[in-house]
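One structure, as structure tokens, below. Some questions next.
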Protein chains: 2
Amino acid sequence: MNIKHDKEKVISTGLNLICSKGYNNLGIDEICKTTGMTKGAFYNAFKSKEQFLLVAINAYGEMMVSHLTEQLEHNQSKAIDRIAAMYDDMFDRQPNNNYTGCMINNLMSELGVTNQLVSEATANEFDNFLSVIEPIVIEAQKDGDFDPSISSAAITELLHSTFYGALTRAKSTREYNHGKQTMTLLINSLRSI
Amino acid sequence: MNIKHDKEKVISTGLNLICSKGYNNLGIDEICKTTGMTKGAFYNAFKSKEQFLLVAINAYGEMMVSHLTEQLEHNQSKAIDRIAAMYDDMFDRQPNNNYTGCMINNLMSELGVTNQLVSEATANEFDNFLSVIEPIVIEAQKDGDFDPSISSAAITELLHSTFYGALTRAKSTREYNHGKQTMTLLINSLRSI
DNA sequence: TTATTTGTACCGACCGTTCTGTTTGCTTAT
DNA sequence: ATAAGCAAACAGAACGGTCGGTACAAATAA
């Protein structure tokens, strides 16, 4: 049961490739070559390219959930500020990531219409992200920073949808300040009084 | 000099195919077969698949600009309501379009990182859309519905970024009411007083 | 041994593109 | 009017390359 090129490595490498090149534009050969594994090992570990994608989506989702959780965890600053800082940080990372954006958002867009399994998986991961953010939104409502009469789920969805829209735009402009400003304006508009 | 399969038809057909299948997942053969033309005719009209895409982006952009202009043109209702109605209408169309979303948004996501020409073209079309919407935002500011102290460009960008984010999400959930509610919440949050 | 994992050659299908040859419709000379 | 000449438009077979996936023997573990 010794796997030379363990799944972990292929997944994390392939994940980055999918992020930057997209799914249809990425070949198995390139995944293998980049990882340093061979096709035999790849197809021994995954039954198809699609299944590999589903595994990668899952891994990416878990990664992001723990990243978001960490970013949002309680510290000295207020909930609304932690939310703002999290989105700011996400945009700040884009230049270093060559503006690859978010894998989930990219795949929803590329395969949402044509691949049922992928669209279900990405929709599911999106919901996972919302589940991490919503408690902090509720906290901000309790702080009186967000209007408590508005559904916390609706606010959370608005926040993350806007984030994804601005992130997609950043991919083509290769510029992240507009995105940061857009998120800031949104959060300020949601601020009660 | 008579062109049997005039460009117009190929472009409008191919445009819809790109919208629903994406660029990398769509072959010239399928474009030709769907349009009823042959490869000879296709490559006589376009020098490459990429050039065809650029032409299609342009055609789609013009189509959307005139559509948006029409939707937003002055009528009995207030500017802010026309904006809200436009986004509502856009979501209402999604089920009929099989949740293909917006071609510009899709291409920004799929090719933004890997294709310079396409990312420039899509960024340009996005700006064109903003140019159509911003005057109506200014009108809403004059009506006192949007805060006039906020940059109209920033408000417009926030509106359309959120729209794109929610549209992408709709692709994977195949459901458009969340998107409509998100846009409504955003517009109400932007409403002054 | 026996079972599992790896490396590599290979398959058929499909890709974007180019090719050759044919049709088409306009121009021009008669 | 009509026929020759011509260039653009068309049809669709063919090309080299790449794709996802498989076959199978060698290597490695149990």
Side-chain angles (χ1 to χ4, degrees), chain A residues 1-57 103 106-107 110-111 113-119 121, chain B residues 1-57 103 106-107 110-111 113-119 121:
Chain A
M1 198 77 101
N2 230 3
I3 303 180
K4 205 179 190 178
H5 297 291
D6 56 345
K7 283 195 174 191
E8 301 284 334
K9 188 182 169 195
V10 199
I11 293 169
S12 78
T13 306
L15 199 141
N16 285 320
L17 286 172
I18 293 172
C19 277
S20 55
K21 300 200 61 174
Y23 178 70
N24 287 313
N25 197 30
L26 173 67
I28 310 272
D29 281 331
E30 188 170 352
I31 298 174
C32 291
K33 199 177 159 192
T34 309
T35 320
M37 89 190 302
T38 59
K39 272 201 180 184
F42 182 91
Y43 275 96
N44 185 55
F46 309 98
K47 79 179 229 292
S48 68
K49 187 190 181 190
E50 186 189 42
Q51 196 233 340
F52 170 75
L53 174 63
L54 294 171
V55 171
I57 288 172
M103 182 182 174
N106 296 350
L107 290 174
E110 183 181 1
L111 301 175
V113 174
T114 51
N115 190 311
Q116 173 108 30
L117 287 175
V118 172
S119 72
Chain B
M1 201 84 94
N2 236 0
I3 305 179
K4 208 189 209 166
H5 297 291
D6 54 347
K7 283 194 174 191
E8 301 283 333
K9 188 182 167 192
V10 200
I11 293 169
S12 77
T13 306
L15 199 143
N16 285 320
L17 285 172
I18 293 171
C19 278
S20 55
K21 301 201 60 176
Y23 178 71
N24 287 313
N25 195 31
L26 173 67
I28 311 273
D29 279 330
E30 188 170 352
I31 298 173
C32 290
K33 200 176 157 193
T34 309
T35 321
M37 88 192 301
T38 59
K39 280 200 178 182
F42 182 90
Y43 274 95
N44 185 58
F46 309 98
K47 78 178 229 292
S48 68
K49 188 189 180 190
E50 186 189 43
Q51 195 233 342
F52 171 76
L53 175 63
L54 293 171
V55 171
I57 288 173
M103 181 182 172
N106 296 349
L107 290 173
E110 184 181 2
L111 302 175
V113 174
T114 50
N115 189 311
Q116 173 108 28
L117 286 176
V118 172
S119 73

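Because the structure is predicted, anything quoted here is derived from the model rather than measured. Every chain is numbered from 1 and lettered A, B, ... according to where its sequence line falls, protein lines coming before strand lines.
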Quickly work out the B:N44 CG to D:dG12 C1' distance and round it to whole Å. 14 Å
Can you measure B:N25 atom CG to C:dC14 atom C1' for me and round it to whole angstrom units? 12 Å
Separation of C:dT18 C1' from B:K49 NZ (nearest whole Å): 17 Å
Side chain of A:D29, heavy atoms from C-beta onward: which of D:dA9, C:dG16, D:dC19 has the nearest atom to it? D:dC19
On a plain distance test, is the side chain of A:K39 in donor-acceptor contact with the base of C:dT8 below 3.5 Å? no
In whole angstroms, how far is the P atom of C:dA9 from the CZ atom of A:F42? 20 Å
Is the number of heavy atoms from other residues, nucleotides or ligands within 6.0 Å of CD (B:Q116) greater than 12? no
Treating A:K49 as the side-chain partner and A:L26 as the backbone partner, does any N or O pair qualify as donor plus acceptor under 3.5 Å? yes
Between D:dG20, C:dT17, C:dG7, which nucleotide has the shortest distance from any of its atoms to the side chain of A:A41? C:dG7
Heavy atoms only, 4.0 Å cut-off, all strands: where does B:I31 land among base, sugar-phosphate and nothing? nothing
Would you name the heavy atoms of B:E110 and B:N24 that are closest together and state the gap between them? OE2-N, 3.0 Å
Residue B:T38, side-chain atoms from C-beta onward, closest of C:dT8, D:dG20, D:dA11: D:dA11
Whichever of B:G40 and A:G27 has its nearest DNA chain D nucleotide further upstream toward 5': B:G40
In whole angstrom, give the distance that lies between atom CG of A:L53 and atom C1' of D:dG20. 14 Å
If I take atom CD1 in residue B:I28 and atom C1' in nucleotide D:dC15, what distance separates them, rounded to the nearest angstrom? 16 Å
Are the side chains of A:I57 and A:I18 in touch, meaning some heavy atoms are under 4.5 Å apart? no
Options D:dG20, C:dT17, D:dA9, nucleotide nearest the side-chain atoms of A:Y43: D:dG20
Is the backbone N or O of A:I28 less than 3.5 Å from a side-chain atom of A:K39, with the two atoms forming a donor-acceptor pair by type? no
In whole angstrom, give the distance that lies between atom NZ of B:K33 and atom P of D:dG12. 14 Å
Nearest whole Å is fine: how far is C:dT17 P from B:F52 CZ? 12 Å
